[in-house]
Structure formats: C-alpha cells, structure tokens
Amino acid sequence: DPGRGLVLTLRSVPTGAEIATRTVVAATKLTVPRARRPLVPRPELTARLDADYRLALVSAPAGYGKTAMLASWATEHRDQVAWLSCDPSDAEPARFTCGLLSAISARWPGVAGDAFARLERDATDTYDAVVAVANGLAMLDVSGVIVVDDLPLASPAPEILTASGSVWRTSSSSSGA
C-alpha cells in the first residue's frame, strides 16, 4: 500500500496561506520486531496478554525482554495487532498521534481517515483525532490489540492517553467485551 506510513498534514504559515507538509512515519516503527535469538518461553506472561483487558502495561527494567516478549506474542497474533515503536521524536504530540494513527491504519485500513483529516486541519487537535479513531475502532466487528512499545520515550500528554483508553484493545461484539 503506497500510502502506508505517510500522512499529509496542512499547517498554517504566517501569511495565513496553507502549505502541505508531510509527516513521514518510518515503516520500521510500524513493524513487529523480529527475534534475533531464541527467546525464553514465558507462558504465564503470554497468558496474561491473552486475557481480555482495556489497557495492559508491561513494565520492567531495561534489558529484561519487554519488547522481545511483546514481539513474540504479537507475531502469534499478527492479524490482530497494530504495532508502534516509539522513540524520543514522538515526544511531540502531533508526531506521536500520527504514528499511532499510522499503526492503526496499517492494521485496519480506513479506520483512521477522520482522525487524519482532523490532524490535517489542525496538527494540535490530537485529542479529537484520537477520539475519532477510537470511534472508528468501536465500529469494527473484529478483535484487535494496539501495542505501543517504549511509550515512555514518547511521553504523550495525559489527555491523549485518556482519549485513547478505549483504543488500546478492541474486541468484536461476538466476544462479549
């Protein structure tokens, strides 16, 4: 899909005219990392990830295998997982939101269209963009999980996380969630 990872954002310039600028999200940020070596099986942790929840936080010191464990789990659920790997550049709210929307769009095409349109009109409207994508995800009749790896690097504003509370895990209506 040629549009994956590429978002068109309109920004005002001092003269009041609008020019198109592109916010590019690297495809590697939207791809589940591959294991470089065999992993230690952690069935109790993967069973907890398989549970029904709205938000799960995997927390441990650096080097304890959080990303490797999540990637291994995500690989087993590839058709249900949208992945975003954060880096320090995602501390800028519009960039983080574009990354989140791009991850969602890569997994569920078309769901984030309204949210992208909101960001194109106003790059500071990240809260409403996340609410719009949450609404789009709520309309889906499929199960899914959004993994945001290294979220502390992004330091998204609390209101973005509040708005996205229903985004992190979506469940089909047939699952009873």
Side-chain angles (χ1 to χ4, degrees), residues 1-7 23-91 95-113 115-116 129-130 133-156 160-161 163-177:
D1 179 18
R4 268 194 186 164
L6 187 62
V7 180
T23 301
V24 178
V25 178
T28 55
K29 291 176 62 97
L30 309 177
T31 304
V32 176
R34 294 182 191 190
R36 294 183 204 148
R37 59 182 181 235
L39 300 175
V40 174
R42 296 183 177 174
E44 64 284 344
L45 293 178
T46 56
R48 290 176 74 181
L49 287 172
D50 286 333
D52 191 23
Y53 54 83
R54 290 263 184 204
L55 175 66
L57 174 65
V58 178
S59 179
Y64 273 61
K66 299 175 296 295
T67 297
M69 192 265 303
L70 284 170
S72 174
W73 179 85
T75 299
E76 294 175 15
H77 299 82
R78 187 166 298 280
D79 293 339
Q80 299 177 341
V81 175
W83 185 280
L84 174 63
S85 294
C86 293
D87 61 43
S89 71
D90 293 313
R95 182 170 282 290
F96 172 76
T97 304
C98 282
L100 181 63
L101 297 179
S102 294
I104 291 167
S105 291
R107 176 54 47 220
W108 302 286
V111 168
F116 278 129
V130 172
V133 80
N135 291 339
L137 288 168
M139 303 291 286
L140 292 178
D141 191 28
V142 297
S143 295
V145 176
I146 301 166
V147 175
V148 181
D149 188 37
D150 285 332
L151 181 63
L153 294 176
S155 304
I160 296 300
L161 297 178
S164 60
S166 61
V167 172
W168 302 111
R169 184 175 188 109
T170 61
S171 300
S172 68
S173 55
S174 62
S175 71

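Keep in mind that the numbers below use all heavy atoms, side chains included, and drop hydrogens, waters and symmetry copies. Counting begins at 1 with the first residue of the sequence. As the structure is a computational prediction, the values presented were derived from the model and not from experiment.
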Chi angles and distances behind the side chain to side chain contact (heavy atoms under 4.5 Å, CB included) call for His77, Val145: CA-CA 9 Å; His77 299 82; Val145 176; over 6 Å; no

Distance-minimising heavy-atom pair for Trp108 and Ser143: CZ2-O, 4.4 Å

Between CD1 on residue Ile146 and CG on residue Leu100, distance to nearest 0.5 Å: 6.0 Å

Minimum-distance pair of heavy atoms, taken over all atoms of Ala112 and Ser105: CB-OG, 3.3 Å

Residue of the set Val130, Leu84, Val111, Leu30 for which side-chain contact (heavy atoms from CB on, under 4.5 Å) holds with Ile104: Val111

Any side-chain heavy-atom pair of Trp73 and Leu45 under 4.5 Å: no

Stepwise side chain to side chain contact (heavy atoms under 4.5 Å, CB included) test for Val32 and Val147: CA-CA 9 Å; Val32 176; Val147 175; over 6 Å; no

Spacing of OG belonging to Ser59 relative to CG belonging to Leu151, to within rounding of 0.5 Å: 11.0 Å

For the student: nearest non-hydrogen atoms of Lys66 and Val58, plus distance: CD-O, 3.8 Å

Euclidean distance, Cys98 SG relative to Asp90 CG, rounded to 0.5 Å: 10.0 Å

Side-chain touch Thr46/Glu76, heavy atoms, less than 4.5 angstrom: no

For the student: nearest non-hydrogen atoms of Cys86 and Leu153, plus distance: O-CD1, 3.6 Å

Distance in Å, Phe116 CZ paired with Thr97 OG1, rounded so as to fall on 0.5 Å steps: 10.0 Å

Under 3.5 Å: donor-acceptor pair, side chain of Arg107, backbone of Arg78: yes

Residue of the set Asp150, Asp87, Asp149 for which salt bridge (Lys or Arg N to Asp or Glu O under 4.0 Å) holds with Lys29: Asp87

Heavy-atom donor-acceptor pair, Ser72 side chain to Ala68 backbone, under 3.5 Å: no

Closest non-hydrogen atom pair between Ala71 and Trp83, with its separation: N-CH2, 3.8 Å

